[in-house]
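Have a look at the structure below before the remarks.
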Amino acid sequence: MMERPGTKAADGSRFAVFLEQYAFDEPWRAVKEESGMNNTTRMVYADGRKYVLRVYDNHCDPAIVTVEHAVLLGLSRSRLRFQVPRPVSNRGGGTITAAKDGKLAALYGYIQGTRPSADDRDHIRGLGAAAGELSVALKTASIAAAPLYTPYYDFAETHGWAEGEVLHRLAERESGTGGCRRELELLLAERVRLAALKERFAALPRQWIHGDLNFTNAVAREDQIAGLLDFEFCAVDARAMEPAVVLAEFPDADLEAALDKFALFCEGFGRHVRLSGDEIRLLPELIKLRMMDVVLHFAGRFREGLDPGSVWEGQIRRAAFVTEWLDGHRGALAALFERYFA
C-alpha cells in the first residue's frame, strides 16, 4: 500500500504529521514494505534517497528513544564491519519527532539489503559474528545515556502485574488461549525457578547489549550480514544475554538441524567473545529467560488490545517448547557451548 506523495501542507496521511517535520527538498512518498511486530515502519522515498520511518507503538516516552539514539551515536564511532541505523535530524535539529497526540517517530537512513535467513548457514554464522563484534563494541563505546530498560533477570519486577492468577484469567478470555493450559502451567513453574536464579544472573559480567537481536532485526547482502537494526531495547544486562536472545530462535523438532544452527551461531560469536564458566553454565537458563520475557511482553500487548489472543498463544506454545527442548538436550548443548565459548 502506498501513501499519497507528501507536500508542504498536511495531506491527511497518517504519516504526514511526522514526515512534514523533515526538510526534504522534494515531495516524499511513504510505502508499506516490511514492518516488525512492536512498531510501525514505512519506507520513505525523497530527494533521490530511501529512508525508514519508525513510529513507536510500544510507548510515548522520548527518553527511551533518546537512549536508543545515544547508543547508535556511540556505535557510530566504532569501526564495525556492518552498519547500524543513523537517525536523521528534523527541522528542529532533533532526531525524535512527535505528533500532537504524543506519538513518537524517528527517521533513519536505509541500510541496503534483505532480511537474512535462519536457514542459510552463512547468515547464521554471520549473525553470530556480527553479534559478537557488536558485543565488543558496546563494551567499549562511549554512550552518553543511562539505560531505562531493566535487565532480563528483573522480569518479575518489570512485569509485576503478570502474576499467575492474572495470566490464568487472561488466558480464559475469548482469545482461545485457555487451550494451552499445560504450556502455561509449565511456564509458570519455570518462572519460579528463573526468579530464584536472579542473584546468579546479576553476578554475571554486565555491559550494554542490544537485547533483541534476531533475523528480522538484521540486514544481509548476499552471504554477509550488512546491518543490525532496532536498538530500542538496549540495556545494561548480563553480557551472555546477547547470544542467548538469538539462540532462542533455534530449538526445533529436527534435533540435528537445530544443533547445527547452534554450532554455526556460536562459532561466529565465539570469534569475538569468550564467555566465563558461569556464563556458559547458565546459558540455557538465559535462553529460557528470553522466552519468559517474550511471553510476558505479549501478554501485556494482549491485555492492552494491541494483539489478538492468538499471537500470545503462539508465544506461549513456542516458549514451552523451547523450555522443554533445552532441558532435554543439556548434555549436547553444554559440550557445544564449551567448545565455542570457553
Side-chain angles (χ1 to χ4, degrees), residues 1-116 130 134 137 141 144-145 210 216-222 224-232 234:
M1 183 181 74
M2 187 175 294
E3 308 294 337
R4 294 197 302 262
T7 64
K8 297 299 181 181
D11 68 354
S13 136
R14 176 184 174 190
F15 305 101
V17 65
F18 302 115
L19 291 171
E20 289 179 357
Q21 297 186 52
Y22 293 89
F24 297 123
D25 293 328
E26 301 174 359
W28 52 264
R29 58 189 180 94
V31 181
K32 184 177 180 180
E33 294 180 4
E34 294 187 39
S35 186
M37 295 185 71
N38 290 316
N39 300 297
T40 300
T41 60
R42 289 294 184 272
M43 300 302 120
V44 178
Y45 296 86
D47 300 343
R49 297 183 61 188
K50 186 175 182 179
Y51 304 88
V52 180
L53 178 70
R54 189 177 187 201
V55 181
Y56 292 87
D57 295 327
N58 280 327
H59 63 83
C60 293
D61 187 350
I64 294 175
V65 190
T66 298
V67 172
E68 178 184 4
H69 290 184
V71 171
L72 292 172
L73 178 61
L75 288 173
S76 70
R77 305 185 186 102
S78 302
R79 293 185 176 181
L80 298 171
R81 285 178 287 186
F82 53 85
Q83 294 176 270
V84 297
R86 289 182 177 270
V88 177
S89 297
N90 55 32
R91 294 178 189 273
T95 56
I96 305 171
T97 304
K100 289 183 179 180
D101 64 359
K103 197 81 168 176
L104 301 177
L107 191 70
Y108 301 91
Y110 179 73
I111 298 175
Q112 186 70 37
T114 59
R115 291 290 183 265
L134 177 67
H210 179 288
T216 63
N217 286 342
V219 176
R221 286 197 289 271
E222 298 181 348
Q224 305 296 314
I225 299 299
L228 296 180
L229 310 174
D230 295 354
F231 285 70
E232 177 184 356
C234 278

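Note that the coordinates shown come from a computational prediction; the quantities given were computed from them, not determined experimentally.
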Verdict with reasoning, Y108 to L72, per side chain to side chain contact (heavy atoms under 4.5 Å, CB included): CA-CA 11 Å; Y108 301 91; L72 292 172; 4.0 Å; yes

Please find the pair of heavy atoms, one from L53 and one from A105, that lie closest to each other, and give the distance. CD1-CB, 4.0 Å

Under 3.5 Å: donor-acceptor pair, side chain of R221, backbone of Q112: yes

Could you report the tightest heavy-atom contact between S78 and A137, atom names first, then the distance? OG-CB, 4.0 Å

Pairwise distance NE2(H69) to CZ(R86) - rounded to 0.5 angstrom: 13.0 Å

Assess the residue pair I111 and F82 against the criterion (side chain to side chain contact (heavy atoms under 4.5 Å, CB included)); give the C-alpha distance rounded to whole Å, side-chain angles, the decisive distance to 0.1 Å, and a yes or no. CA-CA 10 Å; I111 298 175; F82 53 85; over 6 Å; no

Please check this pair: side chain of R49 against backbone of Y110, looking for a donor-acceptor N/O pair closer than 3.5 Å. no

Ring pair (Phe, Tyr, Trp, His ring centres under 6.0 Å) involving Y51 - partner list, sequence neighbours excluded: F24

Note: V88 and G109 closest approach over all heavy atoms is CG2-N, 4.0 Å

Shortest non-hydrogen pair, T41 vs V52, comes out as CB-CG1, 4.4 Å

What residues form a ring pair (Phe, Tyr, Trp, His ring centres under 6.0 Å) with F231, not counting sequence neighbours? H210

Whether D47 side chain and D25 backbone form a donor-acceptor pair below 3.5 Å: yes

On a heavy-atom basis, the closest approach of G113 and V219 is CA-CG1, 3.5 Å

When rounded to the nearest 0.5 angstrom, what is the spacing between CD1 in I225 and CG in L134? 12.5 Å

Expected output: side-chain N217 to main-chain L229 donor-acceptor under 3.5 Å: no

Side chain Q21, main chain I96, donor-acceptor under 3.5 Å: no

Between V65, I64, T40, which is the residue that forms a side-chain contact (heavy atoms from CB on, under 4.5 Å) with Y56? V65

Set out, in order, the CA-CA distance, both residues' side-chain angles and the distance that settles side chain to side chain contact (heavy atoms under 4.5 Å, CB included) for L107 and L19, then state yes or no. CA-CA 8 Å; L107 191 70; L19 291 171; 4.2 Å; yes

Please give me the minimum heavy-atom distance between A46 and W28, naming the atom from each residue. CB-CB, 3.9 Å

Short side-chain to backbone donor-acceptor contact, R54 and A106, under 3.5 Å: no

Partners meeting side-chain hydrogen bond (donor to acceptor under 3.5 Å, both in side chains) with K103 (sequence neighbours left out): D57

Quick one: does R42's side chain have a donor or acceptor within less than 3.5 Å of a partner on V31's backbone? no

